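Inspection log for the structure reproduced underneath, given as structure tokens.
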Amino acid sequence: MKADDDLQGLTVRGQLRLLLGQGWHSLRELSQELHQSEKDLISHLEHLRRSRGAGADLFEVDAPVCLQCGFHFSTRERLQQPGRCPKCRATRISKARYRLRKGA
């Protein structure tokens, strides 16, 4: 596979940067692609979000949404998946997705 060849020899954060630069990915997709636990990847994603220099990529989050009432977690700072909706207390919540977009 071409994607696996591109990822070889890179650090986990380098692999994450490459994958997220290609488009939207959920935490589960990243975990399966990189063979890392979701818990470990959260800290790497936090680092990518914080470490931005001049002209760096923009870290974007497609926030989760409650599948029962439609509550949008747009103001959520934590990258971990929410356990339940603060509005209706339901636990059926869509997965957040992440990407890196070229900065201006």
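A quick note: this is a predicted structure, and the numbers were derived from the prediction, not measured. When reading the values below, keep in mind they use all heavy atoms of this one structure, side chains included, and skip hydrogens, waters and symmetry mates.
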Q: Only one of Asp62, Leu19, Leu45 passes side-chain contact (heavy atoms from CB on, under 4.5 Å) with Tyr98; say which it is.
A: Leu45

Looking at every non-hydrogen atom in both residues, tell me the closest pair between [X] and [Y] and how far apart they are.
X: Cys85; Y: Cys88; answer: SG-N, 3.5 Å
X: Leu41; Y: Leu27; answer: CB-CD1, 3.9 Å
X: Val61; Y: Trp24; answer: C-CZ3, 4.0 Å
X: Ser94; Y: Gln81; answer: O-NE2, 2.9 Å
X: Cys66; Y: Phe73; answer: N-CE1, 4.1 Å
X: Gly23; Y: Arg99; answer: O-CB, 3.5 Å

Q | With Ser37 via side chain to side chain contact (heavy atoms under 4.5 Å, CB included) - residues at least two apart | A |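 Ser37: side chain to side chain contact (heavy atoms under 4.5 Å, CB included) contacts with Lys39, Asp40.
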
Q: Start with the C-alpha distance between Thr11 and Gln15, add both sets of side-chain angles, then the distance that settles side-chain contact (heavy atoms from CB on, under 4.5 Å), and finish with yes or no.
A: CA-CA 6 Å; Thr11 63; Gln15 293 172 2; over 6 Å; no

Any chance you could measure [X], atom [atom1], to [Y], atom [atom2], to the nearest 0.5 Å?
X: Glu46; Y: Gln80; atom1: CD; atom2: CD; result: 8.5 Å
X: Leu30; Y: His25; atom1: CG; atom2: NE2; result: 6.0 Å
X: Arg49; Y: Glu77; atom1: CZ; atom2: CD; result: 5.5 Å

**Q.** Qualifying residues under side-chain hydrogen bond (donor to acceptor under 3.5 Å, both in side chains), relative to His44, sequence neighbours excluded
**A.** Arg13

Hey, are the side chains of [X] and [Y] touching, using non-hydrogen atoms and a 4.5 Å cut-off?
X: Glu38; Y: Arg28; result: yes
X: Leu100; Y: Glu60; result: no
X: Ile93; Y: Phe71; result: no

Q | Exceeds 12 heavy-atom contacts within 6.0 angstrom, atom CD of Gln36 | A | yes

(Q) Please check if the number of heavy atoms outside Arg92 that lie under 6.0 Å from its CZ is greater than 12. (A) no

Q: Would you check if the side chain of Gln32 reaches a backbone N or O of Glu29 as a donor-acceptor pair within less than 3.5 Å?
A: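 No.
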
